[in-house]
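The next block holds one structure in the form of structure tokens; read it before the comments.
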Amino acid sequence: MLDIQLLRTQLETVAQTLAARKFVLDTASFQALENERKVLQTHTQDLQAKRNSLSKQIGMLKGKGEDASAVMAEVSGLGDELKSAEERLAALQEKVTDFLQRLPNLPHASVPIGTDESGNVEVRRVGVPRDFDFEVKDHVDVGASLGLDFETGTKLSGSRFTFMRGQMARLHRAIAQFMLDVQTNEHGYTECYTPYIVNADSLLGTGQLPKFEADLFAAKKGGQEGEGETLYLIPTSEVTLTNSVRGEVLAADQLPIKLTAHTPCFRSEAGSYGRDTRGMIRQHQFDKVEMVQIVHPETSYATLDAMVGHAEAVLQKLELPYRVMALCTGDMGFGATKTFDLEVWLPAQSAYREISSVSNCEAFQARRMQTRFKNEQGKNEFVHTLNGSGLAVGRTLVAVLENYQQADGSVIIPQVLRPYMGGLERLTSRG
RNA sequence: GGAGAAGUGGCCGAGUGGUCGAAGGCACUCCCCUGCUAAGGGAGCAUACGGUCAAAAACUGUAUCAAGGGUUCGAAUCCCUUCUUCUCCGCCA
């Protein structure tokens with residue numbers, strides 16, 4: 001959420017900045033809402049002040065045993081007008097809040113301008129794609145004989161679900177555990193286990209609601225058809241990790257807070273029909289090791305760079321070629337001021353594909369969540385929040401299968417994963 | 001799932017309809033006192049959003065005693081709903 005003061009004082013500037021990310025700020029509507037709000041709020045508060053002071057008089061008169069009927073008659077005349085003013089004000093403020101909650105974050109000045117992913121800027125490339133002396137297969141074909149089963153996933157749940165067996169399932173688990181160990185042991189994150197089902201407040205806090213409900217899966221307790229609170233499956237553990245500090249005023253020395261978790265993520269993938277339909281690149285359910293940091297505003301950009309490094313470390317240890325991309329204004333997510341994507345090399349596609357996304361949200365989420373800290377002046381100040389994948393487990397599995405495939409159909413297991421595989425060095429169809 | 005109890009400021013805790021944004025204590029900040037010892041005295045100390053204002057300061061208003069509704073001229077106090085916590089019983093991985 002943007003600071004409403006910023007919109008009040010610099011509406012045109014905000015509109016221009018948001019235009020860079022293809023968002024059209026309806027300045028006329030905002031202005032109209034604000035004008036109406038100002039008049040109505042002042043009016044309502046005047047009426048409330050009048051009622052309060054008259055009611056106080058009644059109390060004093062009664063306390064002294066005097067007759068208060070004249071004052072009571074006066075104040076009761078306020079009733080209807082006050083009630084209607086309060087109702088109109090509440091409705092209006094709800095509109096203003098909703099308007100604000102649907103505005104994306106302002107891109108940082110250093111973010112390249114662009115309309116879509118073609119405007120992203122490559123920052124660096126690490127590792128060299130391997131030369132294959134045989135025809136490379138994609139992960140679906142490589143995995144078919146190794147326990148990667150899409151048909152069963154589809155039978156159980158529909159398209160975009162996967163079922164894994166045997167060493168393939170174990171490799172998937174090994175990747176997740178390896179990532180978690182890297183982030184906790186080497187980068188100082190605290191491992192967390194979090195709920196996978198959350199309430200609407202949590203999703204409002206990180207920005208998935210109210211605007212992107214269609215991208216989520218919703219759940220209800222059994223037998224509550226049409227009633228009861230709607231809960232949602234998390235689309236990322238960014239939601240639970242970040243919201244763990246929702247509504248809190250932190251002490252300055254608690255910062256930075258560094259959290260990580262391995263969780264499944266659930267996404268409806270509305271609007272991605274026809275994209276990445278083959279294989280497990282784009283799934284309704286996938287696992288991810290997430291990193292979240294809650295930091296002092298002054299350090300958030302240094303933290304962003306550090307977190308990109310934390311994600312890169314995983315790819316480097318797995319010896320997978322990748323590149324770092326600075327996303328342009330048109331390709332960034334709703335809550336981010338600045339985002340770096342990591343893209344891993346997929347030989348079957350002859351392309352780099354997204355495997356991690358690391359973003360600074362500055363105070364955008366903190367303002368929604370009301371997460372603050374006591375600053376040097378003893379004042380409450382919003383923290384900055386950052387999140388990043390460290391990494392997406394399913395896509396890492398894809399990358400391992402494709403990059404480590406052998407001519408005989410087996411897959412060499414990267415060195416760093418072998419301890420998690422009981423020393424196994426290779427996936428084979430006999431395995 | 002059943003029965004009961006409870007949710008007040010950073011923490012503890014008083015407060016059952018009226019000068020309550022809320023006593024008292026702890027913690028914290030500042031000042032005074034004190035030649036020692038976790039001593040004493042005084043003051044301050046919630047947040048958000050408005051208005052006056054270019055802005056800051058200041059002044060002022062409104063809201064907030066789990067959340068949301070209701071009763072009332074007036075609600076921390078009464079009623080309803082929801083959430084959460086605790087105790088007992090049941091069930092359960």
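In what follows, chains are A, B, ... by sequence order, proteins preceding strands, each numbered from 1. The model shown is predicted, which means the values in this text are computed figures rather than measured ones.
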TODO: List the protein contact pattern of nucleotides 66-79 of chain B with one symbol per nucleotide (5' to 3'): B for base contact, S for sugar-phosphate-only contact, - for none; contact means a heavy-atom distance under 4.0 Å.
DONE: -------BS-----
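- Judged purely by distance below 3.5 Å, without hydrogens or angles, the side chains of A/Glu238 and A/Gln365 pair a donor atom with an acceptor atom.
- Remark: A/Lys38, A/Gln41, A/Gln45 in residues 38-46 of chain A come within less than 4.0 Å of RNA chain B through at least one heavy atom.
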What nitrogen or oxygen pairs link the protein and nucleotides 9-16 of chain B at under 3.5 Å?
none

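- Among the nucleotides B/U19, B/U62, B/G51, the one closest to the side chain of A/Met60 is B/U19.
- For the C1' atom pair drawn from B/A76 and B/A67, the interatomic distance equals 15 Å after rounding to whole Å.
- Nucleotides B/A22 and B/U8 place their C1' atoms 8 Å apart, quoted to the nearest Å.
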- [ ] Return one dot-bracket line describing RNA chain B 5' to 3' (Watson-Crick or G-U wobble pairs, both distances under 3.5 Å; ( ) same strand, [ ] crossing, | another strand, . none).
- [x] ((((((((.[[[..)..(.....]]].(((((.......))))).(((((((.....))))))).[[[[[..)....]]]]])))))))....
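- Here A/Arg102 pairs with A/Asp98 under the salt bridge (charged side-chain N to carboxylate O under 4.0 Å, His left out) rule; sequence neighbours left out.
- In summary, the side chains of A/Ser145 and A/Ser429 do not present any donor paired with an acceptor at a separation below 3.5 Å, with no hydrogens or angles considered.
- Across all their heavy atoms, A/Gly143 and A/Met168 have their closest contact at CA-CE, 4.0 Å.
- A distance of about 46 Å separates the C1' atoms of B/G35 and B/C20, rounded to the whole Å.
- Side-chain atoms of A/Ser356 come within 3.5 Å of backbone N or O of A/Ser389 as a donor-acceptor pair.
- Among pairs with a residue in residues 87-115 of chain A, those fulfilling ring-ring contact (aromatic ring centres under 6.0 Å, His included) read A/Phe30-A/Phe99, A/His108-A/Tyr301, at least two apart in sequence or across chains.
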